[in-house]
Chemist: 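Before I ask anything, here is the structure I am working with.
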2 protein chains.
Amino acid sequence: MEKRRADTIAEQLEELIFDGTYADGDRLDEVRLAEQFGVSRTPLREAFQRLALSGLLELIPRRGAFVRQPGPVELLEMFEVMAELEAVCGRLAALRISDAALAELRDANEHCQQAVAARDVDAYYSENERFHRIIYQQSGNSFLAQEAAKLHKRLQPYRRQQLRFRGRMGQSMSEHEQIVRALEAGDAEAATDALRNHVAVQGEKFHQLMATLKNAAE
Amino acid sequence: MEKRRADTIAEQLEELIFDGTYADGDRLDEVRLAEQFGVSRTPLREAFQRLALSGLLELIPRRGAFVRQPGPVELLEMFEVMAELEAVCGRLAALRISDAALAELRDANEHCQQAVAARDVDAYYSENERFHRIIYQQSGNSFLAQEAAKLHKRLQPYRRQQLRFRGRMGQSMSEHEQIVRALEAGDAEAATDALRNHVAVQGEKFHQLMATLKNAAE
DNA sequence: CGAGCTATTATTGTATACAAACCTGTTGAC
DNA sequence: GTCAACAGGTTTGTATACAATAATAGCTCG
């Protein structure tokens with residue numbers, strides 16, 4: 001499936017918003033961005049619409065497009081929903097997961113461990129994403145998997161920051177072990193709790209997230 | 001907040017897709033619809049994008065916009081997710097709900113009962129929606145409430161059809177009673193189960209939903 | 001000197017014009 | 001006779017031109 005210009009522009013803009021090039025409340029200038037990307041305003045506006053629907057931009061009629069970074073409250077809310085979605089995926093996956101998927105899960109986990117040993121945050125991050133994505137898919141509900149992946153992606157930058165905190169990778173690993181064991185055993189309740197706990201922002205993770213937000217604001 | 005043309009067009013198209021004017025797989029002709037709405041292709045294409053993002057259309061590059069009605073499998077998946085979202089809302093609301101909201105909930109329920117007595121499907125439907133929306137909001141998580149409301153709206157037409165089945169309104173009512181009792185008692189687990197059961201498509205409801213789909217196809 | 005109004009400017013929303021890709025029907029070759 | 005290639009028309013994607021609305025600055029009046 002080929003892409004149109006508007007697609008790639010949307011992706012690039014998304015990147016620019018995620019990495020903090022544009023801060024919350026900034027207005028995106030159509031004409032400036034258009035010549036920057038070397039296109040006309042039309043595909044740019046299409047990209048705006050797409051980003052607005054996914055929540056990254058707010059389109060105020062006759063005023064323009066404003067970047068809309070979630071504040072602390074909204075972010076906690078999103079993490080809470082993410083935790084619940086993962087918990088549901090885990091519960092369903094515990095009943096529906098295939099042996100092949102379990103093997104893949106273990107494989108992803110081993111790669112995670114290697115990344116931890118090598119202190120390679122990037123590698124850990126990508127294998128971690130693979131780990132979770134497998135669980136989404138093994139829920140046996142592709143609509144659920146899609147929604148979970150969508151929110152996962154949206155929280156990506158914040159999650160990534162959190163992995164940089166001391167000891168987090170190690171703790172996360174042992175939580176993964178727990179999750180795999182619950183899924184292997186087909187224990188829906190244990191999988192639910194393990195995944196919810198793994199994702200939920202509570203205790204020390206709360207302060208880490210707040211610290212991340214303060215850094216991002218600078 | 002005023003609307004632009006594209007907004008009203010998106011709403012009207014949404015309506016036309018929901019009410020079955022356009023069937024699954026139909027291609028929407030830009031020029032024909034443009035002159036039909038009395039606008040140019042530009043705002044129409046904006047509307048297309050919006051509907052594509054919410055899943056009602058599939059935009060195939062260089063091919064056009066095709067309406068994409070969910071099939072039986074996808075529909076069951078969506079209802080499963082809806083059930084889980086409602087269950088989560090219920091669990092959180094059991095802990096966080098205010099007395100005022102409980103009173104509103106009881107009020108909505110009474111109106112529901114009156115509608116059942118009067119065999120007024122439309123009234124029942126609108127009060128039912130109000131009932132659920134209150135629970136979403138009382139989860140104390142506005143992001144969750146928003147997502148739940150979004151999916152609720154998307155499933156609206158199918159839910160509505162189901163209410164027409166014999167005895168469904170009465171059963172639904174007694175389930176509502178159970179939900180309110182659980183929330184009053186602050187019993188998170190009971191609220192979770194009651195709401196999940198209320199929304200889940202299983203048993204007779206499955207056949208009813210399939211029958212609805214067959215009718216819609218004609 | 002300040003406040004309010006007006007005119008100008010800038011920016012968004014919409015229409016139209018143009019370009020590129022796709023579908024289809026016909027023609028020609030094997 | 002069938003398949004493939006090409007031409008014409010159709011349709012989408014993008015650019016540009018135009019219109020309408022909001023921001024701004026300057027001017028006038030109190």
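Chain letters run A, B, ... following the sequence lines, proteins first and then strands; every chain starts at 1. As a basis for the values below, the full set of heavy atoms in this structure was taken, side chains included, without hydrogen atoms, waters or symmetry mates.
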Chemist: Taking OP1 and OP2 of C/dT11, is either one under 4.0 Å from a side-chain nitrogen or oxygen of A/R32?
Modeler: no
Chemist: Return the nearest nucleotide to the side chain of A/T42; candidates are D/dA15, C/dT12, D/dT11.
Modeler: D/dA15
Chemist: What is the nucleic acid contact for B/V31, judged by heavy atoms within less than 4.0 Å: base, sugar-phosphate only, or nothing?
Modeler: nothing
Chemist: Find which nucleotide of DNA chain D each of B/D29 and A/G38 is nearest to by heavy atoms, and output the residue with the more 5' nucleotide.
Modeler: B/D29
Chemist: Is it true that B/Q114 and B/D120 share a donor-acceptor pair across their side chains at a distance under 3.5 Å?
Modeler: no
Chemist: Quick one: A/E35 CD to C/dT11 C1', roughly how many Å, whole number?
Modeler: 14 Å
Chemist: What I want to find out is whether A/E129 reaches A/R159 closely enough, with some N-O distance under 4.0 Å, to be called a salt bridge.
Modeler: no
Chemist: Is the shortest distance from a Lys or Arg side-chain nitrogen in B/E86 or B/R196 to a carboxylate oxygen in the other one below 4.0 Å?
Modeler: no
Chemist: Rounded to the nearest angstrom, tell me the gap between atom CZ in B/F37 and atom P in C/dA15.
Modeler: 13 Å
Chemist: Can you check whether A/S40 has a side-chain N or O nearer than 4.0 Å to OP1 or OP2 of D/dA15?
Modeler: yes
Chemist: For B/F66 and C/dC22, give me the distance from atom CZ to atom C1', rounded to whole Å.
Modeler: 11 Å
Chemist: Can you tell me if the side-chain N/O atoms of A/R63 get under 4.0 Å from OP1 or OP2 in D/dT21?
Modeler: no
Chemist: Quiz question: going by heavy-atom distance under 3.5 Å, is there a donor-acceptor pair between the base of C/dG13 and the side chain of A/R41?
Modeler: yes
Chemist: How close or far is atom C1' of C/dG13 from atom CG of A/L44, stated in whole angstroms?
Modeler: 14 Å
Chemist: Whole-Å distance between D/dA19 P and A/R62 CZ?
Modeler: 14 Å
Chemist: Measuring from atom CD of A/E58 to atom CZ of A/R68, what distance do you get when rounded to the nearest 0.5 angstrom?
Modeler: 6.0 Å
Chemist: Check this for me, if you would: do B/R50 and B/E14 make a salt bridge, where the nitrogen-to-carboxylate-oxygen distance has to be below 4.0 angstrom?
Modeler: no
Chemist: Any side-chain N or O of A/R45 less than 4.0 Å from the OP1 or OP2 oxygen of C/dG13?
Modeler: yes
Chemist: To the nearest angstrom, how far is B/L28 atom CG from D/dT11 atom C1'?
Modeler: 14 Å
Chemist: Once you round it to whole Å, what is the distance between P of C/dT14 and CD of A/E46?
Modeler: 14 Å
Chemist: In whole angstroms, how far is the C1' atom of C/dT12 from the CD atom of A/E30?
Modeler: 6 Å
